[in-house]
Amino acid sequence: MASMEAYIEEIKDLWDTRWLTNMGDKHRALEAQLLDYLQVPNITLFANGHLGLESIIEALGLKGEVITTPFTFVSTTHAIVRKGLEPVFCDINAVDYTMDADKIESLITDKTSAILPVHVYGHVCQVEQIETIARKYNLKVIYDAAHAFGVKVKGQGIGAFGDASMFSFHATKVFNTIEGGGVTYKDMSLKKKLNDLKNFGITGPESVACVGGNAKMNEFQAAMGICNLRHIDDEIAKRKSVSKRYYDHLEGVEGIRLAKEQEGVDHNYGYMPVVFDGYKMSRDVVFEALKSHEIIPRKYFYPLISRCDCYRDKHQAEATPVALQIAENVLNLPLYADLGLDDVDRICDIIRG
Ligand SMILES: *Cc1c(COP(=O)(O)O)cnc(C)c1O
C-alpha cells in the first residue's frame, strides 16, 4: 500500500479545486492508468465492484436465467437476483475451483441470457470453452474478476475475455481504492449506458435519460488508486514470495491439496486456498488450531451460496457436489505483501501438527 505521505500529496489538489466527486481529474486519470495496466479497450469506474456488476447486468439488458457458480462471494449471486434475474448454479471443477465448462450446456434453457463465471482466487476460468458455448447459444458472458486484478493469460490482460469483466478494488483485494470497482468491456457503446447508470441517468443539466442509481467512484477513492497503482508490481512480487513459502512447506503433504500453477498465466497471488482432503486434521480442526494461536484464516467460501439462508429454500447444494465438497474443506491462509516468511513458517508448523 502507498504511504500516507504519498496519499496526502495526491489529495492536496482536491482542496484547491473543491472537486470532490462526479468524475473529476483523479477519476479520469485513474481510468486512463487502469486501461493501460489492465490492457483493456474500455473501463468504467464504480463506487464498488458490486454496483459495477449490477450496472453491467443492467446495461447488457439481460433477462431470465444466468448460469453462474455457487462457489463465490455472495455479491455475484446477489447482483443477479437484485437485477431481477434467476441464478442457475453450475458446478465447479476440482482443480482450480472455477466453473466446470463441461457442465454448462446441460443447464442452458430458452430463458438463459448469460453466463457469469468467476475467476475465483484469481484462477483463470476455461475462457475458450466458455466463449465457444456462448457463441453457439448467443449468450453474453460477464466475468466476475473481483479476485483477478493484474492477472495475465499469455501476456494478455484477463479483462479481455467475455463481453465484460468486473474488478473489485475493495480494501481486501490485491489493488484497492479503499472501496471501488471497475467494469471493463469490449463494446464501446456500453460506456454511455454505464456512465448514466452510475449517476442517476443524468445526461445533462436538464435531462435525465434513464432510471440510474448512484454508484460513482469519488475523487478520494480514485486518488488512493493512483497511489496504490504505483506499487502494484511490488505488491504482487511480495505476495508471490509469501505464496512460494507456503508451497515450500505444504506441497506434496498427504491430504493437503494446493492449487496448481496454470500454464501461461501470470498470477496475482491474491489468495492462499488450501483444501484438506483426507488430511489427519479436518479443515475445522486446522482452523481452531490456528485460531488458538491468534492466527485467523478464512473459510472462504463457506457456506456455499446455495446453503446461505437467503438461497437455501430455492437451491440445492447437493446439485453441485464438487462446489459443496470444496466449500466444506477449504481454508484460505493469511496472505498479504508484508506477511513475514517466518510467520508463514510458524503457520505451517501449526498446520503440520
Ligand atoms: C469482493 C468481491 C466482490 C464485490 O466487490 P466489492 O468491491 O466489495 O463490492 C464480488 N465478487 C467477488 C468474487 C468478490 O471477491
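For reference, positions follow the sequence shown, starting with 1. Counting starts at 1 for both ligands and their atoms, following the listed order. Only a predicted model underlies this, so the values are computations on that prediction, with no experimental measurement involved.
Protein residues with any heavy atom under 4.0 Å from ligand 1: Asn48, Gly49, His50, Thr72, Phe73, Ser75, Thr76, Asp144, Ala146, His147, Met166, Ser168, His170, Lys173, Gly180, Tyr300.
Linking ILVMFWY side-chain heavy atoms closer than 4.5 Å, directly or via other members, places Ile295 and Val242 in a single hydrophobic cluster.
Within 6.0 Å of the CG atom in Asn138, the count of heavy atoms belonging to other residues, nucleotides or ligands does not exceed 12.
Look at Asp349 and Arg346 and you find no salt bridge, because none of the NZ, NE, NH1 or NH2 atoms lies under 4.0 Å from a carboxylate O. Residues Glu86 and Lys111 are not paired through a salt bridge, judged by the lack of any N-O separation under 4.0 Å between the basic side chain and the carboxylate. Ion pairing between Glu235 and Arg230 fails under the 4.0 Å rule for side-chain N and carboxylate O.
Checking each of Thr77, Ile305, Leu116, Thr76 against Pro87 for a side-chain contact (heavy atoms from CB on, under 4.5 Å) leaves exactly one that passes, namely Thr77.
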